[in-house]
Participant: 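Quick one: this structure, given as structure tokens, is what I'll be asking you about.
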Amino acid sequence: MFVKKLIFAVAALTLAFGGITAQAQDNGALLDLLVRKKIITDQEAEEIRGELTKEFSGTPAGKLKLSTPVTELELYGDARVRYEIRNGNSGPPSTLVTNPNDAQQRNRARYRLRLGLRGTLLDDWFFGLRLETSTSPRSTNVTFGDDSGPFGKTSDGAFVGQAYLGYKGIRDVTLTVGRMPNPFITSSMVWDGDINPEGLAEQYKHTFNLSYGGGTSAASAESYSKDAKGGAVAAVTSEPYKMSIDVFANFGQFVYDDVNPENPIGPRSNGVPNTDAYMLGWQVGAKFNFTKDMYLRIAPTLYNYTGNGDSFNKLYSGDPDVLDEEGDRIALNQTGVDSLFVFNMPTEFGFKIGELPARVFGDFAVNLDAEDRARAAGHPESDDQRYAYQIGVGVGQLKAKHDWQIQAFWQHAEQYALDPNLVDSDIFDSRVNMEGIAIQAGYAVSDAVTFNLTYAYGEQIDNGLGTGGVGDIGVNPLREYQLFQADLNWKF
Amino acid sequence: MKITSLALIAGLAFASTEARADRLVIKGSDTLGAKLVPQLAEQFKAQNPGTTFDIAAEGSTTGIAAITDGTAQIGMSSRRAKPAEVGAASSKGVNMKPTIVAYDGLGVIVNAKNPITNLTKKQVEQIFTGDVTDWSAVGGSGGKISIYTRNTSSGTYSDWKELAMKKRDYAGGSQKMAGHEQIAAEVGKNANGIGYVGLAYMNAPGIKVVAIEGAKPTQQAVRNKSWPYARPTFYYTNGEPSGVAKQFLDFTLSSTGQKIVDRVGFVGVNEVK
């Protein structure tokens with residue numbers, strides 16, 4: 001009995017000084033050892049375990065209750081402070097800029113916060129919630145000092161960035177509904193990484209393991225013998241070459257633009273039925289894992305738009321505003337999604353240089369309906385402006401303290417190639433008809449804190465067209481554009 | 001007349017009390033409740049005429065909840081109560097007390113026609129977590145692996161995750177069964193099936209038990225604690241049991257009760273080294 005009390009006291013002290021995460025069951029190894037040494041019996045160990053569990057349930061961690069359907073829960077998040085300089089030079093064909101060779105510069109200190117909760121539920125369901133700063137779909141940044149009063153909080157709200165439910169009860173299949181992380185393999189050329197699309201996604205992934213050759217060779221028994229004595233020769237055994245292929249398919253049906261109302265009182269303004277606009281995506285691809293450290297991933301994708309909506313159901317121009325005969329300024333459309341049927345193929349080849357992971361990556365996109373898009377924009381002569389591509393290299397990774405990473409890429413995105421509402425908001429200021437280079441470098445100060453630098457330089461591709469899209473630099477076209485960002489990130 | 005009525009009422013009340021005292025409600029684990037506890041109950045009734053049993057084997061979670069709610073005197077469980085369950089019980093003034101009544105060994109079963117005879121612990125983990133989805137990846141003749149598990153209210157469901165899967169999640173698409181017998185029946189019907197059952201359920205038709213790293217699950221392997229998937233099984237009570245619950249617990253731990261434990265296929269508490 002004394003021994004049992006002593007053990008209980010030791011275990012209780014272990015629990016008390018072991019931190020809040022030291023659950024009662026963690027003393028299982030100690031109790032098992034004592035049972036094996038025959039110091040206590042299994043039943044006595046169970047009683048101690050039960051007492052410790054009861055004690056634990058009275059601690060702050062033990063009082064944290066999760067609803068029964070939750071089988072796993074993770075609280076996670078990250079935050080960032082950034083200093084950024086954006087500079088854009090104006091140029092033709094704008095007729096509005098009084099100083100055509102002038103530049104607009106925007107310097108700002110910013111921060112962002114993302115706080116998430118994700119977990120699994122009973123019966124193969126899962127869910128995710130994430131709160132983010134900023135109302136922008138393409139950014140979670142809040143600029144210091146740009147709201148009411150010194151140190152105002154007007155722009156410091158938290159908004160729902162992700163809220164989704166998923167199901168994994170069918171082998172190899174993941175179904176998701178809600179406002180979700182982007183289910184497509186993509187690049188910043190096509191999708192800004194901050195966008196969380198809303199709607200439905202269906203994903204499939206299956207791994208095929210392949211094995212070639214190998215086995216024992218009898219040929220060695222007949223091989224040349226220097227001393228011509230022959231005799232017993234050990235058979236040669238070779239390992240088979242093994243590789244795997246991850247075949248995947250991702251499909252998305254996203255509500256791009258809700259129309260309100262579907263059926264208005266009185267006649268419809270445009271004479272056609274009002275319908276919501278949907279963005280549809282089909283992606284089928286594969287990742288070939290040649291070795292543990294070398295892979296090739298290709299992900300051919302098609303994007304299409306259906307329905308009307310009421311905000312983006314306009315003919316895209318991309319050109320700068322014009323003045324009418326009375327000298328009034330007329331804004332031309334920068335966001336319309338007419339005639340967009342985009343084929344896209346992000347590709348990545350990964351390998352190692354010594355212990356360093358490296359990758360060569362690229363993306364290619366072509367708008368198969370670019371002729372119509374150019375014609376609607378008033379530039380039928382520019383219907384060849386339908387291509388976009390990105391190619392780059394990267395070395396390193398940012399997973400643990402003292403890790404570093406550097407990558408550089410060239411990007412070229414023509415005026416009618418892509419949806420300007422989705423492209424990255426930083427590298428070329430949310431614009432198309434831009435090409436240039438981006439260089440990014442990062443260093444992990446600790447496992448949780450990283451420091452990153454980004455520099456980008458871009459130029460207008462076709463000087464006869466605007467640089468379509470709505471960016472932070474209020475100049476169209478952007479003859480030249482430069483970006484510098486210094487980020488301090490921390491995750492938790 | 002008044003005295004007669006009072007006597008009658010008192011008699012009825014007494015009889016009613018007696019009847020309630022001899023009724024034992026046991027809820028919880030299918031591992032224990034499908035075979036072992038009913039056989040123990042039969043023998044106990046033979047020795048204690050008048051005792052009635054109400055046994056519901058719907059998973060360990062239901063047994064532990066029944067003790068917390070006070071809807072059973074004994075909660076059968078093939079796993080330990082979780083901190084949240086102990087906390088919930090504590091907040092209601094219930095002292096969750098475990099008593100080990102038998103040991104069990106879980107074994108991996110496949111269809112009798114499956115050529116697989118042996119798996120490593122790593123392969124077992126890979127199969128049940130979905131890392132491996134085709135029999136060819138573990139030396140079989142090919143075919144998509146069909147996984148059969150217990151349902152989520154089962155203690156065996158969570159025990160298997162701890163013992164065999166490094167606490168990882170089951171593969172998506174694994175099919176959840178109400179009991180060990182159902183797992184054995186489904187694996188017996190499906191040439192690509194795999195599942196796990198306790199020692200008492202390994203002789204079902206159409207299945208065979210796979211060796212793990214050369215060893216088969218036996219009562220002896222559980223006795224000497226060499227079987228990697230062995231575990232204790234419990235009766236949970238609210239503090240020290242009393243009345244017929246105590247009698248039944250004592251009977252389970254008696255030599256007669258432990259002989260039944262052995263006969264059904266479990267391992268007695270005093271045999272484990």
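Just so it is clear: chains get the letters A, B, ... in the order the sequence lines come, proteins before strands, and each one is counted from 1.
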Participant: Which bit of B:F234 comes within less than 4.5 Å of chain A, counting heavy atoms only: side chain, backbone, both or neither?
Facilitator: side chain

Participant: Tell me, out of B:T61, B:T99, B:T152, who's got the most heavy-atom pairs with chain A below 4.5 Å.
Facilitator: B:T99

Participant: Taking the six-membered ring for Trp and the single ring otherwise, decide whether the centroids of B:F128 and B:Y196 are under 6.0 Å apart.
Facilitator: yes

Participant: If I measure from the heavy atoms of chain B, does A:T41 come under 4.5 Å with its side chain, its backbone, both, or neither?
Facilitator: neither

Participant: Chain A heavy atoms under 4.5 Å from B:D169: which part of the residue, side chain, backbone, both or neither?
Facilitator: side chain

Participant: Counting heavy-atom pairs under 4.5 Å to chain B, which of A:D42, A:I170, A:N209 comes out on top?
Facilitator: A:D42

Participant: Is the gap between the ring centers of B:Y229 and B:W227 under 6.0 Å?
Facilitator: yes

Participant: Side chain from CB out, backbone as N, CA, C, O: work out which of these in B:P232 comes under 4.5 Å of a heavy atom of chain A, or both, or neither.
Facilitator: side chain

Participant: Go through the atoms of B:K176 and report whether side chain, backbone, both or neither lie under 4.5 Å from a heavy atom of chain A.
Facilitator: side chain

Participant: Is atom NZ of B:K259 surrounded by more than 12 heavy atoms (other residues, nucleotides or ligands) closer than 6.0 Å?
Facilitator: no

Participant: Considering only heavy atoms, which portion of B:Y103 lies under 4.5 Å from any heavy atom of chain A: side chain, backbone, both, or neither?
Facilitator: side chain

Participant: Return the orientation label for the A:H206 and A:F208 ring planes: parallel under 30°, perpendicular over 60°, tilted otherwise.
Facilitator: perpendicular

Participant: Answer with side chain, backbone, both or neither: which region of B:S90 has an atom nearer than 4.5 Å to a non-hydrogen atom of chain A?
Facilitator: side chain

Participant: Do A:F290 and A:F351 have their ring centres less than 6.0 Å from each other?
Facilitator: no

Participant: Before accepting this row, confirm whether a basic side-chain N of the pair B:R150/B:D30 lies closer than 4.0 Å to the acidic partner's carboxylate O.
Facilitator: yes

Participant: Does NZ in B:K161 sit with more than 12 non-hydrogen atoms of other residues, nucleotides or ligands closer than 6.0 Å?
Facilitator: yes

